[in-house]
Amino acid sequence: MPERMRILLSNDDGAFAPGLQALYDALRPLGHELIVAAPESEQSAASHSITIAEPLRVRPYQGERGMTGYAVRGTPADCVKLALSVLLDQPPDLVVSGVNQGPNTGISVIYSGTVAAAAEGTLNRIPSVALSIDAFENPHWESCGTVARKVVEFVGGRGLPEGVLLNVNIPNLAPEKIRGFSVTTTALSRFIEIFHKRKRPRGGSYYWLDGELQITGKEQGTDVEALAQGYISLAPLHFDITAHAALDILRPLQDEDISGRNR
Ligand code: MN
């Protein structure tokens, strides 16, 4: 990695989200070149969706304290794809997504647009990191900043194995209260849906999805446990989605006659 890295920043909370600004503010003193491409509006839970039935509008925008970037009317994955293909004249050395307001642990990772932006970097063979803080309100941004700097320097210096992205979750504590880094597996804990039913002012009803984390009791060594205990979770993820252990279970079907010739 070069001394001065080119780092692409994105997120799913939107171009004007405080977590993205906090990430920019935290990394700027390191002296790297920071390029921002983020969704124009909030895209939380957009997962790895991409926009193909509509045009992708891009406009330059300004954040605070010198932050400039591209606001894209699309998803997190659109932003990173567009940045790598069109907006940047050279590929970045690193993709960093976040800092998301709210944790991305357990099965939430599947729905996460924050993780998807980083995954898009990983799929393009660029070391990529997703950062989230365990708070929807009053996040400790200074803790996020400290963690972002340490992780970016580590991954910038050593890279990541090909195909692996680093999913980082930060406990919502002041820096001096955080117990340290913990390398974790991703829990199977998931959110149990709660659909709030509400009345429309002019009759009828609508639903608003909320959820509650279901603890499976098998959290040992996981991202969920680390956060609960005040550690920063470092969970490596990859995208070989083949269930290798199940291949043999299906093999008998290969001997089945489809043509009808051997009936
Ligand atoms: Mn989000």
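Basis for what follows: all heavy atoms, side chains included, without hydrogens, waters or symmetry-related copies. Every number for a ligand or one of its atoms is a count from 1 in the order of the listing.
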Can you list, pair by pair, the side-chain donor-acceptor contacts under 3.5 Å of residues 246-253, counting residues two or more places apart and other chains?
residue, atom, partner, partner atom, Å
Asp248, OD1, Arg251, NE, 3.0

So does Arg73 pair up with Glu54, basic N to acidic O under 4.0 Å? no

Taking the hydrophobic residues Ile, Leu, Val, Met, Phe, Trp and Tyr, and joining any pair whose side-chain heavy atoms are under 4.5 Å apart, which ones share a cluster with Val115? Val109, Leu165, Leu237, Phe239

Counting only N and O atoms by type, is there a donor-acceptor contact under 3.5 Å from the side chain of Ser85 to the main-chain atoms of Lys81? yes

My understanding is that a hydrophobic cluster links ILVMFWY residues whose side chain heavy atoms are under 4.5 Å apart, including indirect links. Using that, what else belongs to the cluster containing Ile110? Ile107, Tyr111, Leu188

Can you confirm whether the side chains of Ser259 and Asp257 place a donor and an acceptor under 3.5 Å from each other? yes

Everything protein-side that's N, O or S and under 2.8 Å from the Mn ion (ligand 1): list it, residue and atom. Asp12 OD1, Asp13 OD1, Ser44 OG, Asn100 OD1

